[in-house]
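Structure record follows, encoded as structure tokens.
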Amino acid sequence: MRILLWTIRKGNHFYLEIPSSFSYDKKSFLVRLLVSKEDSPFLVDFLLGLKALSMVPGLRKVSFQISNPEYGFGEIWNICQAIQVLNDKGIQTAGFCLGGGTKALLLLSFCKYRYTSSAAEFFPVLPSAEPYFFGGAAKKYGVGVEAYASGEFKAFGETFQRTSFSAPAKKNIESLLSDQKELLELGFRKTSGLDLKALEEPIIGAEKLKDLGFITEFLEEDEFEENYLFKNYKKESEDTKPEYKKLTPGGFRLYNKKKNFSILSRSLPTVVIIPVQGNILPDLGREEDFRSRQVSFRYYQEIFKEIKEDPKVSAVILEMNSPGGSALVSELLYREIKKLSEKKPVLTYVLNVAASGGYYLACGTKEIHGTPYSVVGSIGAVMLRFELKKLYDKFGIKKERIGFYPHRDILSEYGKLSPKSEQFLKKEVLRSRDVFYSRVTEARKKTFHELESKWGEGRVFLGDRFQKAGFLDSCSSLLDILQKLKTDLGAKKIDVQYLPGTYSWKDLVQDLKPGLQMTGFNLRSFPLSLLWKDRKEDPREILYLSEIATELSK
């Protein structure tokens, strides 16, 4: 029946929107009721859908509607690689974009045919930085900031201490931006031949892009969407016959069902992808709830424990997107990851950033992969202490130290530290650094001297440079890593499960709190207990598939 239906419904041209955002958590039932906004897909579902598209027999063309992306270059690069696979297989790719920045133009660049409206404008921003420095303001208001860093490149404290970066820190950032610019230049040159200098203008119109040969032809958005089955997206008259036959989402799903049909049901090796998103929190409480865009110890400890004991799970990928955080929690989670890796293969995939504690966690896995654009490194430690005595003096506030003992002044924000306390903190930072270094040297088979002299002390790099130095195993797409795991597991097929946390009403209230306070709404007086309580869900349970992901089908 499926073979017969596919024969009737198969087409050779697929129309697809590249979403402007992706989800890295799933919304609870209550939040879905309160928030009417359409859910975004998971990146892995979208990429698997593109991979499935590339295998549809007889597919001749895919037309992409490109929205201005709100995600990082890691997601952009993965989508670009999937589009390139379609190109390499001889499937024509066309893209339409009405406007956006550098990321939108890069997606458009990977399409063989590129369209936009003659009225469109783009607003590219090339790699650059404009960080804030609060040293002058802190000094003006009597706020002292003491930073104890393990190296001159661990520059987080400089934001609060200085009015500009130190020379070593600035040079490191300039090198990272230069590398990113080279990657962009290579990407545009290989696909569309666009000179990156053209994007130095803050506003670039469609006419100029067409003169540069980047735009194939001008179209209006409705023409691209409604006439994509016709040659050059032009329907000359009502009698004009389309050049292509539409491949509908339903027909696409039908093909996948036919392709994957088996008389005998067989269990497949399961590969679980766990998103590790946000700052690593300095919390060691007993609460196991997921926290949106934050990495808490108990939640991930419980997840790792359940996966370790689940015989259905054959391998794990940590989808890393963390700039770091607590040194203690990083070490504790590193140990949990090591326990899991003793039972089954665990890999890290750095989507956009694995810096400091993020890279610390990655060192607990068997392999570390990423994209050329991934920001990695910042290997080292830093401690900050705010000293507010001068600020208090401005308001006539005094504090008297009673019963203080050696090093008790470290816990006080009032007054300078004693020389012994300063020495203690310096030693503590170096101790944390040495533990971090030992994790890196063990995982990457490097010497302490090599790490310290070239790659440590808080330096940050792009994935391309870090991979060449041996600190990443590859710069590959997420689909390539899944293919590699399939080969390593000796399986013809694998079941890929994305394991996001649940964005609950607690996260929603936390996100809304600043706005509610601005309107005078008193959160403490609101009876949260009256709200429907989210049921405790099995963290292995996948309840959510976005509309786009469902359309593509996994």
Side-chain angles (χ1 to χ4, degrees), residues 17-22 40 43 46-47 50 64-84 87 93-131 173-216 218 221 321 323 350-353 370-376 460-465 475 477-478:
E17 179 183 350
I18 297 178
S20 59
S21 62
F22 291 107
S40 300
L43 174 66
F46 191 75
L47 294 175
L50 289 176
F64 292 102
Q65 174 71 254
I66 300 171
S67 302
N68 190 29
E70 300 171 2
Y71 31 84
F73 276 103
E75 291 92 337
I76 293 290
W77 187 80
N78 270 277
I79 298 172
C80 287
Q81 298 309 299
I83 295 174
Q84 188 59 47
N87 291 329
T93 56
F96 180 92
C97 188
L98 201 55
T102 308
K103 295 171 186 175
L105 287 169
L106 188 60
L107 285 172
L108 196 57
S109 184
F110 272 76
C111 297
K112 186 175 181 181
Y113 303 100
R114 298 174 285 276
Y115 300 92
T116 189
S117 167
S118 58
E121 289 182 335
F122 293 85
F123 307 91
V125 178
L126 296 180
S128 53
E130 192 178 16
I173 298 297
E174 288 175 339
S175 176
L176 184 141
L177 294 174
S178 176
D179 287 348
Q180 189 180 45
K181 190 173 181 180
E182 285 183 16
L183 283 174
L184 282 173
E185 194 168 26
L186 181 63
F188 278 107
R189 188 168 62 246
K190 277 189 170 183
T191 52
S192 63
L194 183 66
D195 190 338
L196 212 60
K197 285 190 175 296
L199 304 186
E200 291 179 357
E201 296 180 4
I203 303 173
I204 183 167
E207 292 284 356
K208 183 168 183 178
L209 285 172
K210 191 170 188 302
D211 291 341
L212 293 170
F214 182 78
I215 295 299
T216 304
F218 290 142
E221 190 172 36
N321 220 355
V350 183
L351 191 56
N352 282 306
V353 58
T371 79
Y373 290 95
S374 301
V375 177
V376 282
V460 288
F461 306 91
L462 284 192
D464 189 54
R465 187 178 293 272
C475 286
S477 71
L478 183 55

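Count residues from 1 along the sequence. The basis for the numbers below is simple: all heavy atoms, side chains too, and nothing from hydrogens, waters or symmetry mates.
In this structure, Arg465 and Asp179 approach most closely via the heavy-atom pair NE-OD2, 2.7 Å. Heavy-atom minimum distance, Ala198 versus Ile204: O-CD1, 3.6 Å. Heavy-atom minimum distance, Ser67 versus Glu17: OG-OE2, 3.4 Å. Shortest non-hydrogen contact noted between Ser477 and Trp77 is N-CZ3, 3.5 Å. In plain terms, the two heavy atoms of Leu106 and Cys80 that are nearest each other are O-SG, 4.0 Å. Of all the heavy atoms in Gly99 and Asn68, the pair that sits closest is O-CB, 4.2 Å.
Of the inter-residue distances, the one linking Ser128 atom OG with Glu200 atom CD reads 11.0 Å to the nearest 0.5 angstrom. Atom CD1 of Ile83 is separated from atom NZ of Lys112 by 14.5 Å, given to the nearest 0.5 angstrom. We find the CG-CZ distance between Leu107 and Phe110 to be 9.0 Å, quoted to the nearest 0.5 Å. The CD atom of Gln81 lies 11.0 Å from the CG atom of Asn87; values are rounded to the nearest 0.5 Å. In this structure, CZ in Phe214 is found 9.5 Å from OG1 in Thr116, a value given to the nearest 0.5 Å.
Checking side-chain atoms of Arg114 against main-chain N and O of Gly95 turns up no donor-acceptor pair under 3.5 Å. Between the Ser21 side chain and the Ser40 main chain, no donor and acceptor come within less than 3.5 Å of each other. Side chain of Asn321 to backbone of Val353: a donor-acceptor contact under 3.5 angstrom is found.
Side-chain N/O atoms of Ser178 and Ser175 include no donor and acceptor closer than 3.5 Å. Side chains of Ser192 and Ser109: a donor on one and an acceptor on the other come within 3.5 Å.
Between Phe22 and Tyr71, the ring-plane angle classifies as tilted under the 30° and 60° cut-offs.
With respect to the salt-bridge test (charged N to carboxylate O, under 4.0 angstrom), the residues Glu70 and Lys103 do not qualify.
Residue Ile18 forms a side chain to side chain contact (heavy atoms under 4.5 Å, CB included) with just one option from Leu108, Ile66, Ile76, and that option is Ile66.
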